[in-house]
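Contents: one structure, followed by commentary.
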There are 2 protein chains.
Amino acid sequence: MGARDARKGRTTVTLEDVARAAGVHYSTVSRALDPNAVRRVSADTRKHIQAVAEKMGYQPDMVATGLKRGRTQTVAAIVADLGNPSIAPVLRGIASRLEPAGFMSLFAETQDDSSRLERILNHLLSRRVDAIILTAARVGDSRILRRFVGHGIPVVLALQGLPGIRLPSCTNDDLLGGTLAAQHLIALGHRRLAQLRGPADVQSLSRRAEGFSKAIAAAGATEVVVQSTAPLGTADDGRRLMRVVLDSKRARPTGIFAHHDLMALGALTLAEERGLRCPRDFSIIGYHDVPNLERLVPALTTIRQPLEEAGRAASEMVLHILNSPSRQPRSRRLAPTLVVRQSTGPAPEPALQTVRKSRR
Amino acid sequence: MGARDARKGRTTVTLEDVARAAGVHYSTVSRALDPNAVRRVSADTRKHIQAVAEKMGYQPDMVATGLKRGRTQTVAAIVADLGNPSIAPVLRGIASRLEPAGFMSLFAETQDDSSRLERILNHLLSRRVDAIILTAARVGDSRILRRFVGHGIPVVLALQGLPGIRLPSCTNDDLLGGTLAAQHLIALGHRRLAQLRGPADVQSLSRRAEGFSKAIAAAGATEVVVQSTAPLGTADDGRRLMRVVLDSKRARPTGIFAHHDLMALGALTLAEERGLRCPRDFSIIGYHDVPNLERLVPALTTIRQPLEEAGRAASEMVLHILNSPSRQPRSRRLAPTLVVRQSTGPAPEPALQTVRKSRR
DNA sequence: TTGGATCTGTCAAACGTTTGGCTTATGCAA
DNA sequence: TTGCATAAGCCAAACGTTTGACAGATCCAA
């Protein structure tokens with residue numbers, strides 16, 4: 001009869017129940033139900049057992065399996081901040097790739113606090129998760145992670161790389177993102193550019209800046225860079241930086257690259273307050289494709305990062321490691337795409353194009 | 001010595017290892033480490049064992065514990081669509097409440113597909129989760145859920161109630177939300193209102209409409225209602241509905257209530273295209289407090305729903321059920337709040353106020 | 001008939017805990 | 001000293017699987 005377990009009389013049917021009903025030993029049931037079992041049970045018995053199990057509604061107990069096999073079919077997704085709108089698509093990517101492989105995902109939030117990360121990791125160790133996908137890597141965390149990796153459980157980084165430790169990662173190609181932004185503005189004829197940078201100590205932003213600047217230089221255009229110190233992405237910051245640009249004595253730039261859509265938004269409103277019209281007088285391009293901003297007038301041209309894809313790719317790596325632990329998978333950089341909307345247009349003074357051609 | 005388990009030589013220290021090192025039986029270690037164990041171990045040994053365990057870095061194996069105790073300290077959060085920006089805050093609320101209680105959360109996405117929901121539930125059964133929080137309830141799902149509840153595992157509904165089945169839920173008070181919107185507009189002197197409704201077959205929207213209409217009627221004001229059939233919340237839909245309102249032969253309403261911010265946005269742009277200025281000529285109020293829209297000009301007045309709070313409250317219920325399974329907790333309705341920004345202002349023609357006073 | 005192979009299936013030992021029952025030691029009253 | 005309660009700790013049986021080792025049956029060649 002169905003076993004009655006600890007939980008308030010919940011009824012569970014076990015291997016033994018099925019075995020009794022089918023008139024075989026429970027180990028035979030186990031084998032009959034294991035899709036890739038060694039051939040130890042005849043086709044007839046197998047079919048019979050499967051029928052009985054089906055009829056009784058047998059569900060294997062994955063926690064027992066986990067204990068025996070040492071594999072829980074669980075991976076943890078650790079994020080810094082669930083409030084960050086970039087995160088949900090990543091989680092979705094993770095779930096969509098892992099689910100068909102029979103895995104489920106636990107989630108936890110570090111709130112950008114290393115001690116919380118450590119607590120979470122210990123807890124996950126205790127839960128015997130099979131792997132970890134970490135989107136919350138901070139520079140100081142490599143020590144903690146190292147100990148964790150020492151326990152033999154795979155860690156894959158998503159979105160954020162981490163310098164202090166060799167871990168497979170799946171990040172966005174910010175160099176390319178910056179390049180795309182620059183090439184777009186150049187192609188529209190802009191030759192005097194400005195870059196509204198995020199804080200310097202974030203690796204991805206440095207690369208973003210580098211990609212932009214290199215492409216600008218390669219085209220023989222000029223660029224002024226202003227830099228924020230605040231955490232990336234407030235509109236106020238964008239205003240502030242844009243003010244610096246407009247107040248400068250140098251010739252006003254016609255193409256603006258903001259490291260974040262909300263900065264672009266702030267910059268845009270400030271410029272319009274000063275009587276400049278976008279895209280007539282200047283073009284501006286943001287980064288991130290923040291949701292709902294496509295509703296603005298003018299809708300923001302931006303660089304979109306493949307977030308869901310990042311989650312999928314990270315999961316892919318996890319599965320790869322789990323299936324063939326011999327070698328680490330290669331880290332990947334995912335290509336962002338340019339999303340052209342209405343905030344970018346042809347440069348206002350085409351005459352300049354030819355003048356500055358050969359500066360390099 | 002540390003046991004070497006199945007997973008590629010990963011080293012785990014077990015109760016037995018600690019027991020050997022401490023010179024006691026492993027059951028004693030188990031008791032010494034259990035904070036609320038019956039008094040079976042002296043203070044001295046307990047302290048000694050704790051020290052040894054600490055030094056060896058012992059971490060209890062929660063899957064073994066789960067097997068023995070029949071409790072996995074895991075709850076599952078099932079959502080319809082991780083892409084929905086409302087969901088992340090709910091997840092955060094869930095994690096924040098559950099984590100201090102020693103629980104972690106699994107997540108899964110139904111993609112609004114009942115058969116996927118069923119698969120997921122079976123899988124969760126197999127994993128012996130302690131409870132489920134479901135934000136993805138659809139009308140047709142009560143049958144599936146009933147079977148599941150029959151297995152004795154608690155299900156709590158968040159955000160969406162479900163008519164066919166008695167389940168504790170934690171939803172937003174849409175009636176109040178509609179009322180708040182109406183009262184705000186009334187207080188500003190508006191007497192001719194319009195309501196841009198979402199589709200009729202969604203319960204929460206009906207209540208939203210009801211709350212609004214009742215408050216309007218109570219104030220003796222008039223209202224025209226136009227209704228969408230599309231799934232809630234596209235700007236195009238808002239445009240379409242607003243066009244109907246403006247094209248009507250009746251006197252133009254001065255106060256608009258849209259069932260969703262994006263609808264409000266669409267309505268707003270259409271009205272401005274027709275030469276009306278907001279909030280000078282008309283006021284409009286949305287619903288949902290969709291992120292980033294506060295950057296618009298004019299920034300949208302809206303109704304904010306306590307999403308994170310919903311997650312926390314649902315978790316609270318789960319913990320309550322788990323701790324005292326005797327009685328179901330009462331369902332809760334969470335109060336939304338009015339967020340006043342710039343899209344609402346005093347009604348343009350104050351004279352009308354007195355004229356229509358006693359229509360009821 | 002004997003002696004392997006091969007094919008099916010059973011047996012039982014794990015996996016790492018929790019926990020009821022048991023044993024021994026200790027304290028204390030008579 | 002005995003008797004007895006109580007405290008402290010050990011023993012071993014679970015929990016539901018997986019899986020190596022073994023056993024019986026069948027078949028076939030020698």
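Just so we're on the same page: letters track the sequence lines, and every chain starts at 1.
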Quiz item: What is the distance, rounded to the nearest whole Å, between atom CZ of B:R127 and atom P of D:dG16?
Solution: 18 Å
Quiz prompt | Nearest-nucleotide pick for B:S27, side chain only, options being D:dA12, D:dG9, C:dG16 | solution = D:dA12
Self-check item: Atom-to-atom span, CD of B:Q59 to P of C:dT17 - whole angstrom
Solution: 11 Å
Self-check item: Gap between atoms CZ and P, on B:R69 and C:dT18 respectively (whole Å)
Solution: 5 Å
Quiz item: Quick one: on DNA chain D, does B:R46 or B:L67 contact a more 5' nucleotide (nearest heavy atom)?
Solution: B:R46
Quiz prompt | Closest to the A:L15 side chain, choosing from C:dT19, D:dC11, D:dT18 | solution = D:dT18
Quiz item: Between D:dG16 atom P and B:L125 atom CG, what is the distance in whole Å?
Solution: 14 Å
Quiz item: What is the distance, rounded to the nearest whole Å, between atom CE of A:M62 and atom C1' of C:dC15?
Solution: 16 Å
Self-check item: B:K47 bridged to B:D44 by N-O distance under 4.0 Å
Solution: no
Quiz prompt | N/O donor-acceptor pair, side chain B:T28 with base D:dC10, under 3.5 angstrom | solution = no
Exercise. Verify the contact: side-chain N or O of A:T45 to OP1 or OP2 of C:dG9, cut-off strictly under 4.0 Å; return yes or no.
Key: yes
Self-check item: B:R39 side-chain N/O to D:dT6 phosphate OP1/OP2 under 4.0 Å
Solution: no
Exercise. Just compare D:dC15, D:dT18, C:dT19 and give me whichever is closest to any side-chain atom of B:S30.
Key: C:dT19
Quiz prompt | Minimum-distance pair of heavy atoms, taken over all atoms of A:Q160 and A:T135 | solution = CG-O, 3.8 Å
Exercise. State whether A:S42 places a side-chain N or O below 4.0 Å from either non-bridging phosphate oxygen (OP1 or OP2) of C:dT8.
Key: no
Practice problem: May I ask you to say what B:V63 touches in the nucleic acid, namely base, sugar-phosphate or nothing, with a heavy-atom cut-off under 4.0 Å? | Solution: nothing
Quiz item: Nearest to the side chain of B:H25, which nucleotide is it out of D:dA12, D:dT18, C:dT18?
Solution: D:dA12
Practice problem: Find the distance between CG (A:L125) and NE2 (A:H151) and round it off to the nearest 0.5 Å. | Solution: 5.0 Å
Quiz item: Please give, in whole Å, the distance from D:dG9 C1' to B:D44 CG?
Solution: 14 Å
Exercise. Could you check which of C:dT10, D:dG16, C:dT17 has an atom nearest any side-chain atom of A:A64?
Key: D:dG16
Quiz item: Under 3.5 Å, is there an N or O donor on one side and an acceptor on the other linking the side chain of B:R31 and the base of C:dG20?
Solution: yes
Quiz item: B:D17 has an atom CG; how far is it from atom P of C:dC15, in whole Å?
Solution: 11 Å
Quiz item: Choosing from D:dA12, C:dT8, C:dT10, which nucleotide comes nearest the side chain of B:Y26?
Solution: D:dA12
Practice problem: Calculate the interatomic distance between B:D34 atom CG and C:dT19 atom C1'; express it in whole Å. | Solution: 10 Å
Self-check item: Smallest separation among heavy atoms of B:M317 and B:C170, with atom names
Solution: CE-CB, 3.9 Å
Quiz item: Knowing that exactly one of A:D61, A:D34, A:D130 qualifies, which makes a salt bridge (Lys or Arg N to Asp or Glu O under 4.0 Å) with A:R69?
Solution: A:D34
Quiz item: CZ of A:R166: more than 12 outside heavy atoms within 6.0 angstrom?
Solution: no
